[in-house]
Amino acid sequence: QVQLVESGGGLVPAGGSLRLACAASRRAFSSYGMGWFRQAPGKEREFVAAINWSGSSTNYADSVKGRFTISRDNPKNMVYLQMNSLKPEDTAVYYCATSTTQRAVTFRRGYEYWGQGTQVTVSS
């Protein structure tokens, strides 16, 4: 059974930073791409960032490019999302997910297991 547990969310002023972490229990974690998505109230869940199995390839939503960085630590079964220069529109519940492939997938249906999410609130 695969479990993903996010942590690191919280309340931060605009311009601040947060680092989200996702602990994965998945066997052969290092064989799969990982991603971060977010969902704001009343909106669809949207792609934020993805990383391939080795960490050599990443993809980002245009709205977070240059501000967010995804990384992974395969021996520890961890994936991270460093978020800098946060804006009020970044406020959402952030979810990590494990892909069905090795690639840094940007679409939701490319992921099969999801965490419960962590709330990020950016005050103006």
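The shown structure was predicted, so the numbers you read here are calculated from the model rather than taken from an experiment.
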Correct closest heavy-atom pair for Val48 and Val64 would be O-CG2, 3.6 Å
Backbone of Cys96 reached by a side-chain donor or acceptor of Glu6 within 3.5 Å: yes
Do the side chain of Asn77 and the main chain of Ser25 share a donor and acceptor less than 3.5 angstrom apart? no
So, for Arg38 and Ser63, which heavy atoms are closest and what is the spacing to 0.1 Å? NH2-OG, 3.5 Å
Using a 4.5 Å cut-off on heavy atoms from C-beta on, say whether the side chain of Leu20 contacts that of Met83. yes
Return the CD1 to CG distance between Ile70 and Asn59, rounded to the nearest 0.5 Å. 9.5 Å
With rounding to the nearest 0.5 angstrom, report the OG to NZ distance, Ser30 to Lys76. 15.5 Å
Flag yes if Leu81 and Val93 sit in one hydrophobic cluster, no otherwise; membership is Ile, Leu, Val, Met, Phe, Trp, Tyr, and two members link when side-chain heavy atoms are under 4.5 Å apart. no
Rounded to the nearest 0.5 Å, how far apart are OH of Tyr32 and CZ of Arg27? 10.0 Å
Tell me which pairs pass ring-ring contact (aromatic ring centres under 6.0 Å, His included) where either residue lies in residues 61-109, with sequence neighbours left out. none
Which heavy atom of Leu18 sits nearest a heavy atom of Leu86, and at what distance? N-CD1, 3.9 Å
Could you grab the distance from atom OG of Ser85 to atom CZ of Arg67, nearest 0.5 Å is fine? 7.0 Å
Given the rule in the side chain to side chain contact (heavy atoms under 4.5 Å, CB included) test, do Asn52 and Ser54 qualify, once you have shown the distances and angles that lead to the verdict? CA-CA 6 Å; Asn52 74 335; Ser54 67; 3.5 Å; yes
Please step through side chain to side chain contact (heavy atoms under 4.5 Å, CB included) for the pair Arg26 and Met34, ending with a clear verdict. CA-CA 11 Å; Arg26 185 169 196 170; Met34 295 292 295; over 6 Å; no
Shortest non-hydrogen separation from Ser57 to Ala104 and the atoms involved: O-CB, 3.8 Å
Does CD in Glu89 sit with more than 12 non-hydrogen atoms of other residues, nucleotides or ligands closer than 6.0 Å? yes
Determine the minimum heavy-atom distance between Ile51 and Ser71, stating which atoms define it. CD1-CA, 3.7 Å
Please report the interatomic distance CD(Gln119) to OG1(Thr91), rounded to the nearest 0.5 Å. 7.5 Å
Full working for side chain to side chain contact (heavy atoms under 4.5 Å, CB included) between Gln82 and Ser17: CA-CA 8 Å; Gln82 178 67 44; Ser17 297; 4.0 Å; yes
Short N-O contact, Lys87 and Asp90, less than 4.0 angstrom: no
Spacing of Thr106 atom OG1 and Tyr111 atom OH [to the nearest 0.5 Å]: 7.5 Å
Applied to residues 39-67, the ring-ring contact (aromatic ring centres under 6.0 Å, His included) test, sequence neighbours excluded, yields Phe37-Phe47
Closest heavy-atom contact between Ala21 and Met78? CB-CE, 3.8 Å
